[in-house]
4 protein chains.
Amino acid sequence: MKPLTPSAANICAVAVEHFADHGYDASSLNEIAVMAGMRKASLYAHFSSKDALFERVFKIALGHEQQYVAACFEEEGGRAGVPGQLHVECLIGRYEASAHLRFLLRTAYFPPADIRAVITLGFEAYLAQIRQYFQRATRDRYTWPAAHPEQLEVFCDAYLGIVDSLHVELIYAAPQTYVKRLAALLRVFSDSLSMLEGASRD
Amino acid sequence: MKPLTPSAANICAVAVEHFADHGYDASSLNEIAVMAGMRKASLYAHFSSKDALFERVFKIALGHEQQYVAACFEEEGGRAGVPGQLHVECLIGRYEASAHLRFLLRTAYFPPADIRAVITLGFEAYLAQIRQYFQRATRDRYTWPAAHPEQLEVFCDAYLGIVDSLHVELIYAAPQTYVKRLAALLRVFSDSLSMLEGASRD
Amino acid sequence: MKPLTPSAANICAVAVEHFADHGYDASSLNEIAVMAGMRKASLYAHFSSKDALFERVFKIALGHEQQYVAACFEEEGGRAGVPGQLHVECLIGRYEASAHLRFLLRTAYFPPADIRAVITLGFEAYLAQIRQYFQRATRDRYTWPAAHPEQLEVFCDAYLGIVDSLHVELIYAAPQTYVKRLAALLRVFSDSLSMLEGASRD
Amino acid sequence: MKPLTPSAANICAVAVEHFADHGYDASSLNEIAVMAGMRKASLYAHFSSKDALFERVFKIALGHEQQYVAACFEEEGGRAGVPGQLHVECLIGRYEASAHLRFLLRTAYFPPADIRAVITLGFEAYLAQIRQYFQRATRDRYTWPAAHPEQLEVFCDAYLGIVDSLHVELIYAAPQTYVKRLAALLRVFSDSLSMLEGASRD
DNA sequence: TATGAATGAGTTTTCATTCAT
DNA sequence: TATGAATGAAAACTCATTCAT
């Protein structure tokens with residue numbers, strides 16, 4: 001994938017906001033072009049079609065958010081709380097700050113039919129990455145995963161489930177609802193984790 | 001709200017599929033009309049605009065799914081498992097069978113800007129209803145909610161979180177992923193519930 | 001021309017207002033029907049087409065206004081002022097009160113292409129009638145017309161010109177503008193008449 | 001107001017004819033486009049909407065006719081006849097030659113509801129200009145206006161009334177009717193003027 | 001690289017009219 | 001006499017895309 005020229009990068013920056021707000025179908029290249037300081041026809045000097053622009057934006061958004069998730073888990077290190085807690089706690093701030101994340105979620109859930117395959121692959125990679133980070137963190141924190149890899153699997157799934165739940169909460173709920181939801185899910189999650197740990201210590 | 005004539009009902013039946021598959025923006029009244037066996041101009045004898053049709057379909061879908069959820073919780077009665085378990089276990093089958101549910105979720109997450117308010121209110125009612133059913137079932141099953149209403153709140157939130165998580169899973173994941181996710185979430189959820197029950201029995 | 005049933009008369013009463021306000025092209029049979037307390041399709045039980053309704057309304061309006069003009073000149077009798085003065089003084093009140101007059105003028109000036117001929121004939125009859133009333137009143141009032149029929153012609157033309165001027169003033173000007181215009185035109189008209197009378201008395 | 005590109009000017013030239021002949025409502029952008037040698041979608045590269053095109057055409061027409069009126073009065077200079085006589089004598093030729101004038105009158109009398117304000121303002125300016133030219137010419141020709149400004153007012157009003165009368169005559173009458181009307185109105189007008197002049201000379 | 005102009009295909013919507021009931 | 005339903009035609013307008021410059 002060729003690197004973007006400054007102009008093309010600017011277009012992408014505008015487009016990600018537009019796509020995040022309106023979705024693929026309700027976004028108009030004309031509006032994106034004007035917001036990027038040029039005319040519709042000029043977009044075609046940078047991207048060969050609406051689909052191509054969208055796909056490119058998707059890849060950029062994906063890259064951004066993957067980096068962000070990586071940073072989150074790295075920063076977490078040995079902090080208190082359950083593994084992956086920092087990540088889910090940061091999600092709401094990230095969602096508000098990052099059009100990339102807003103775009104990513106909207107697109108992942110309802111991708112334009114023509115490029116569904118690319119989108120799905122990309123988003124699965126994103127989730128797989130989160131899963132892996134969580135897995136690693138859990139292995140680092142507890143002793144039982146070595147003996148009970150099938151339990152680790154379960155908690156990975158549950159963690160991803162919680163992440164999904166929070167994602168969708170971000171999309172349609174008010175922030176205070178999000179906070180309650182996060183607390184409740186973390187509570188049951190950590191309860192369950194602590195049961196396992198308690199059992200394995202005996 | 002006036003009852004639908006057979007023709008109008010047929011249009012709605014076609015439209016709910018179309019909207020569920022393509023979303024508001026990518027749906028064309030022309031296609032809906034043809035699939036309903038008429039020309040697009042004839043739609044306007046039944047609905048005054050695309051928005052009006054969409055809103056009507058939304059209300060129908062909402063009604064259907066509220067009835068379905070009610071039936072789920074009623075049927076559950078004193079069965080084994082955590083409260084609300086039947087509902088979440090049925091979700092995947094329901095999603096595949098019911099265009100209304102597919103439509104409802106898609107619309108709730110990314111409503112057309114012009115009728116966002118109606119959609120949001122409707123979907124919140126849907127979730128509130130689920131919450132209430134869960135609450136009642138939990139009160140019936142356990143003794144602690146009377147003494148610890150704040151704990152009940154937490155579990156209500158967690159349950160809704162799980163429901164949301166499964167909703168989004170339905171939207172973009174493969175069925176086997178859904179099954180794993182459901183199992184994992186139910187596991188942590190029932191773990192946490194059982195801790196609370198255990199504590200309150202002592 | 002068959003007499004109208006009560007329903008048909010009601011439709012015409014509604015239609016004349018609508019046509020007067022919006023013109024032929026911007027008037028919709030649907031709106032007219034609803035305002036007449038029925039559905040669009042029912043109109044066709046009374047009139048065979050939009051054109052037919054329009055034409056019928058035109059004839060009614062024409063009849064009304066011809067009667068009104070007749071009454072005006074009759075009432076004038078031997079009053080002070082120039083011949084036809086009562087008529088032009090009443091015009092503004094009539095315009096405000098009578099949708100038929102508003103309709104008549106709008107239609108006469110810009111008739112729908114398909115029925116231009118009928119409209120033109122009708123309106124010319126209306127003006128010819130006014131001319132005749134003025135002619136008769138002038139002959140009754142003064143002695144010179146007998147000796148100078150060609151002068152009578154000129155004043156007939158001038159009177160009709162004034163009437164046209166006031167018509168158009170009604171259409172687009174404010175009432176106070178109308179009043180000034182009327183006064184000014186009557187002034188030059190009566191000046192000219194009085195010159196002629198003075199000369200013929202010598 | 002940005003100057004028109006050649007293409008846009010061509011569209012306006014076509015549109016003014018079309019609007020003059022059919023009025024706003026009965027004019028179709030499709031027809032205008034085809035007559036301008038393009039497809040209707042291409043119109044939107046030049047004008048943002050039917051209203052915008054119409055308004056632009058109106059401003060052009062207004063400008064043209066204002067220039068024409070100015071030229072008429074200028075050319076008149078010290079010619080024989082009453083002030084403003086050249087203008088009213090030229091009206092019929094102008095009407096036949098200039099789609100702009102035909103458009104202007106039609107639009108002024110029955111403006112499309114959405115842009116009534118703009119139209120009204122513009123046409124009032126047009127009439128005010130005529131009035132002013134007449135006023136100046138009258139002041140230049142006669143001595144009495146200085147002493148009797150209120151009389152000047154009256155004759156301005158009467159002159160505008162005659163202009164209006166002739167306008168409407170152009171719209172719906174045959175040329176020979178116009179000629180008779182013009183002669184008659186000029187006759188009473190100049191009679192009245194001469195009375196005043198005679199009186200002021202004594 | 002940028003753009004003005006053009007366009008085919010498509011959108012939602014309105015309209016007058018028809019017809020079986 | 002009235003109407004619900006249907007429809008072909010047309011309206012204004014939008015869109016992604018192309019192309020010569």
Side-chain angles (χ1 to χ4, degrees), chain A residues 5-8 11 24-34 36-54, chain B residues 5-8 10-11 24-33 36-54, chain C residues 5-8 11 24-34 36-54, chain D residues 5-8 10-11 24-33 36-54:
Chain A
T5 64
S7 271
I11 293 169
Y24 178 86
D25 293 303
S27 292
S28 117
L29 288 189
N30 191 36
E31 282 186 49
I32 290 172
V34 169
M38 56 178 60
R39 303 303 142 82
K40 197 175 20 167
S42 314
L43 288 184
Y44 289 82
H46 301 280
F47 301 95
S48 62
S49 71
K50 191 184 186 184
D51 276 18
L53 170 60
F54 191 86
Chain B
T5 63
S7 272
N10 178 42
I11 292 169
Y24 179 86
D25 292 303
S27 292
S28 127
L29 289 188
N30 193 33
E31 283 186 48
I32 290 172
M38 55 179 63
R39 304 305 147 84
K40 83 190 131 158
S42 313
L43 284 185
Y44 288 83
H46 302 281
F47 301 95
S48 63
S49 69
K50 190 184 186 184
D51 274 21
L53 170 60
F54 191 86
Chain C
T5 64
S7 271
I11 292 168
Y24 178 86
D25 293 303
S27 292
S28 117
L29 289 189
N30 191 37
E31 282 186 49
I32 290 172
V34 168
M38 55 177 61
R39 304 303 144 79
K40 197 175 18 167
S42 315
L43 289 184
Y44 288 83
H46 301 279
F47 302 95
S48 64
S49 71
K50 189 184 187 184
D51 276 18
L53 169 60
F54 192 86
Chain D
T5 63
S7 271
N10 178 42
I11 292 168
Y24 178 87
D25 291 304
S27 292
S28 125
L29 289 189
N30 192 34
E31 282 186 49
I32 291 173
M38 56 179 60
R39 304 306 148 86
K40 85 188 132 163
S42 312
L43 284 186
Y44 289 85
H46 303 281
F47 301 95
S48 63
S49 69
K50 190 184 187 184
D51 274 20
L53 170 60
F54 192 86

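Quantities reported herein were computed from a predicted structural model and do not represent experimental measurements. The sequence lines fix the lettering, A, B, ..., with proteins before strands; numbering per chain opens at 1. Heavy atoms only: backbone and side chains are in, while hydrogens, waters and symmetry mates are out.
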Looking across every strand, which nucleic acid part, if any, lies under 4.0 Å from C:Thr5 by heavy atom: base, sugar-phosphate, or nothing?
nothing
Looking at residues at least two apart in the chain, or sitting in another chain, which of them share a side chain to side chain contact (heavy atoms under 4.5 Å, CB included) with C:Ser48?
C:Ala52
Residues two or more places apart in sequence or in another chain: which of them pass ring-ring contact (aromatic ring centres under 6.0 Å, His included) with C:Tyr44?
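Residues passing ring-ring contact (aromatic ring centres under 6.0 Å, His included) with C:Tyr44: none at all.
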So, using ring-ring contact (aromatic ring centres under 6.0 Å, His included) as the criterion, who are the partners of D:Phe47 when residues are at least two apart?
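Testing D:Phe47 for ring-ring contact (aromatic ring centres under 6.0 Å, His included), a comparison that skips the adjacent residues, returns none.
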[X] to [Y] - nearest heavy-atom pair and separation:
X	Y	answer
C:Met38	C:Ser42	SD-CB, 3.8 Å
D:Ile11	D:Ala36	CG1-CB, 4.1 Å
A:Lys50	A:Asp25	NZ-O, 4.1 Å
D:Leu43	D:Leu29	CD1-O, 3.5 Å

So, does B:Ser7 get its side chain near the phosphate of F:dA5, meaning an N or O under 4.0 Å from OP1 or OP2?
no
Could you tell me whether the phosphate oxygens of E:dT7, OP1 or OP2, come under 4.0 Å of any side-chain nitrogen or oxygen in D:Ser42?
yes
Euclidean distance, atom CZ of residue C:Arg39 to atom P of F:dA5 [Å, nearest integer]
11 Å
Using whole Å, report how far CG of D:Leu53 lies from P of F:dC13.
10 Å
Paired stretches of DNA chain E - 3 or more consecutive Watson-Crick or G-U pairs, each distance under 3.5 Å:
E:2-21 with F:2-21
Where the side chain of D:Met38 is defined as all heavy atoms beyond and including C-beta, which of F:dA6, F:dT3, E:dA6 is the nearest nucleotide?
E:dA6
What's the closest nucleotide to the side chain of C:His46 if the choices are E:dA5, E:dT3, F:dT1?
F:dT1
Results of side-chain hydrogen bond (donor to acceptor under 3.5 Å, both in side chains) for D:Asp51 - residues two or more places apart only:
D:Tyr24
Interface polar pairs with nucleotides 15-17 of chain F, N/O, under 3.5 angstrom:
{"unit_1": "F:dA16", "atom_1": "OP1", "unit_2": "A:Ser27", "atom_2": "O", "d": "3.1"}
{"unit_1": "F:dA16", "atom_1": "OP1", "unit_2": "A:Lys50", "atom_2": "NZ", "d": "2.8"}
{"unit_1": "F:dA16", "atom_1": "OP2", "unit_2": "A:Leu29", "atom_2": "N", "d": "3.0"}
{"unit_1": "F:dA16", "atom_1": "N6", "unit_2": "A:Lys40", "atom_2": "NZ", "d": "3.4"}
{"unit_1": "F:dT17", "atom_1": "OP2", "unit_2": "A:Tyr44", "atom_2": "OH", "d": "2.9"}
{"unit_1": "F:dT17", "atom_1": "OP2", "unit_2": "A:Lys50", "atom_2": "N", "d": "2.8"}
{"unit_1": "F:dT17", "atom_1": "O5'", "unit_2": "A:Tyr44", "atom_2": "OH", "d": "3.4"}

